[in-house]
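Notes to accompany the following structure.
A, B, ... follow the sequence lines: proteins, then strands. Residue 1 opens every chain. In what follows, every heavy atom counts, from backbone to side chain, and hydrogens, waters and symmetry copies are set aside.
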Amino acid sequence: MTASNLSNFPQIWELLKKEYPDPQPALHFKTPLELLVATILSAQSTDVQVNKVTRELFKKYRSVFDYADADISELEKDIYSTGFYRNKAKHLQQSARVISEEFDGEVPSTMEDLLKLPGVARKTANIVLARGFGVKAGIAVDTHVKRLATRLGFTENKDPVKIEKDLMELVDRNEWDDFSLTLILHGRNVCFARKPACGQCVVHHLCPSSIV
DNA sequence: CTCCCGATAT
DNA sequence: ATATCAGGAG
C-alpha cells in the first residue's frame with residue numbers, strides 16, 4: 001500500500017527549493033547536439049563518468065556528420081566506459097543520420113521530432129528541450145525523480161510516463177525543469193536509493209517514507 | 001518482461 | 001558479491 005501525500009506537496013516543494021536554489025545540470029555541454037549526446041550516454045551511468053568521456057568525445061566529433069560517418073567500432077571504443085556501449089554507439093550514429101537526413105543537420109526542438117530519434121524517449125527529449133531550447137514540454141523522469149516522487153507520495157504509478165503526467169499536474173509549468181533537477185540533487189545528496197539519510201533530510205517530517 | 005554493460009560504492 | 005547510475009528498445 002503506497003502512501004499518498006498530495007496535500008503535503010506544496011510544503012515539500014517549497015522546502016526543497018530553499019535547499020537547492022538555482023539547481024544546475026551536472027552534465028557538461030555547450031550545444032544542443034552535445035546535450036543530446038551526453039544525455040543518451042547518461043543512461044545507467046553517472047554524470048561524472050559521462051563528463052569524463054565527453055571531454056574527449058566532443059573534440060573528436062563536432063557535428064552530426066562526424067557521428068553519422070564514424071566507424072562504429074571506433075565510436076564504441078570512444079564511449080566504452082559509460083556502459084551499454086554497443087547500444088549507445090548505434091543510437092548515436094542512427095540518431096545522427098536521422099538528424100542529418102531529415103532535419104537538415106540540426107537537432108530538432110520539438111518533442112514529436114526528438115522522439116523519432118533512436119535511443120531518445122521522453123526523459124532524454126525533455127532534458128534536451130528544457131536545457132537545450134528552453135521548451136517546457138514535460139518533466140524528465142529519471143531513476144531519481146521516479147524514486148523520490150514515489151517515496152514522497154507524489155504518485156502511485158510505476159510507469160515513468162504516468163509518473164510524468166502526475167507530476168505535470170502537480171508542479172507549476174515554469175518550474176518543471178527545476179523540479180527534475182532538484183529531485184535529482186536531493187536523490188544524489190540525501191535520499192539515496194539504498195540507504196536514504198532521512199536524518200539529514202529537510203522534508204523528512206512531511207515524507208510518508210521517512211524512517212526517522 | 002528481458003536485454004544491454006562498465007564503473008563505482010557498499 | 002551486489003546494488004546502483006540524468007534509460008530505451010525489442
Expressed in angstrom and rounded to an integer, what is the separation of [X] atom [atom1] from [N] atom [atom2]?
X	N	atom1	atom2	value
Asn87(A)	dG10(C)	CG	P	9 Å
Leu27(A)	dA6(C)	CG	C1'	6 Å
Lys90(A)	dG10(C)	NZ	P	7 Å
Asp159(A)	dG7(C)	CG	P	15 Å
Leu92(A)	dG8(C)	CG	C1'	13 Å
His144(A)	dA6(C)	NE2	P	4 Å
Leu185(A)	dC5(C)	CG	C1'	15 Å
Arg122(A)	dG7(C)	CZ	C1'	14 Å

Lys/Arg-Asp/Glu bridge criterion (N-O < 4.0 Å) met for [X], [Y]:
X	Y	result
Lys60(A)	Asp78(A)	yes
Arg131(A)	Asp177(A)	yes
Lys88(A)	Glu76(A)	no
Glu74(A)	Lys77(A)	no

Which is true for [X] with a 4.0 Å heavy-atom rule: it touches a base, it touches only sugar-phosphate, or it touches nothing?
X	result
Asp47(A)	sugar-phosphate
Arg147(A)	sugar-phosphate
Lys52(A)	sugar-phosphate
Ser45(A)	base
Tyr85(A)	sugar-phosphate
Tyr80(A)	sugar-phosphate
Ile40(A)	nothing
Pro118(A)	sugar-phosphate
Val120(A)	sugar-phosphate

Assign the ring pair Phe9(A) / Phe154(A) to parallel, tilted or perpendicular, where the plane angle (0 to 90°) is split at 30° and 60°.
perpendicular

Look at the side-chain N and O atoms of Thr124(A) and state whether any lies under 4.0 Å from the OP1 or OP2 oxygen of dG8(C).
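Checking Thr124(A) against dG8(C): at least one side-chain N or O falls below 4.0 Å of OP1 or OP2.
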
Are any side-chain N or O atoms of Thr54(A) and backbone N or O atoms of Leu57(A), one a donor and one an acceptor, separated by less than 3.5 Å?
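No; zero donor-acceptor contacts below 3.5 Å.
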
Could you tell me whether the side chain of Ser180(A) and the main chain of Ile139(A) form a donor-acceptor pair under 3.5 Å?
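It does not hold such a pair.
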
Reading DNA chain B in the 5' to 3' direction, which nucleotide is the first one with an atom under 4.0 Å from a heavy atom of chain A, and which is the last?
dC4(B) to dT10(B)

Would you indicate which nucleotide in dT4(C), dA6(C), dG7(C) comes nearest to any side-chain atom of Ala140(A)?
dA6(C)

What's the closest nucleotide to the Asp142(A) side chain, out of dG8(C), dC5(C), dA6(C)?
dA6(C)

If the P atom of dG10(C) is compared with that of dC5(B), how far apart are they to the nearest Å?
13 Å

P-based separation of dA6(C) from dC3(B) [nearest Å]
24 Å

Starting from the 5' end of DNA chain C, give me the residue, Arg194(A) or Ala125(A), whose nearest nucleotide shows up first.
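Mapping each residue to its closest nucleotide by heavy atoms, the 5'-most match is Arg194(A).
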
Taking for each residue the nucleotide of DNA chain C with the nearest heavy atom, is it Leu117(A) or Gln44(A) whose nucleotide lies nearer the 5' end?
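Whichever sits nearer the 5' end wins; that is Gln44(A).
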
Identify the residue among Asn126(A), Asn157(A), Thr155(A) that makes a side-chain hydrogen bond (donor to acceptor under 3.5 Å, both in side chains) with Glu164(A).
Asn126(A)

Can you list every pair that meets side chain to side chain donor-acceptor pair (under 3.5 Å) and has a residue in residues 182-192 of chain A, with sequence neighbours left out?
Tyr20(A)-His186(A), Asp47(A)-Arg188(A)

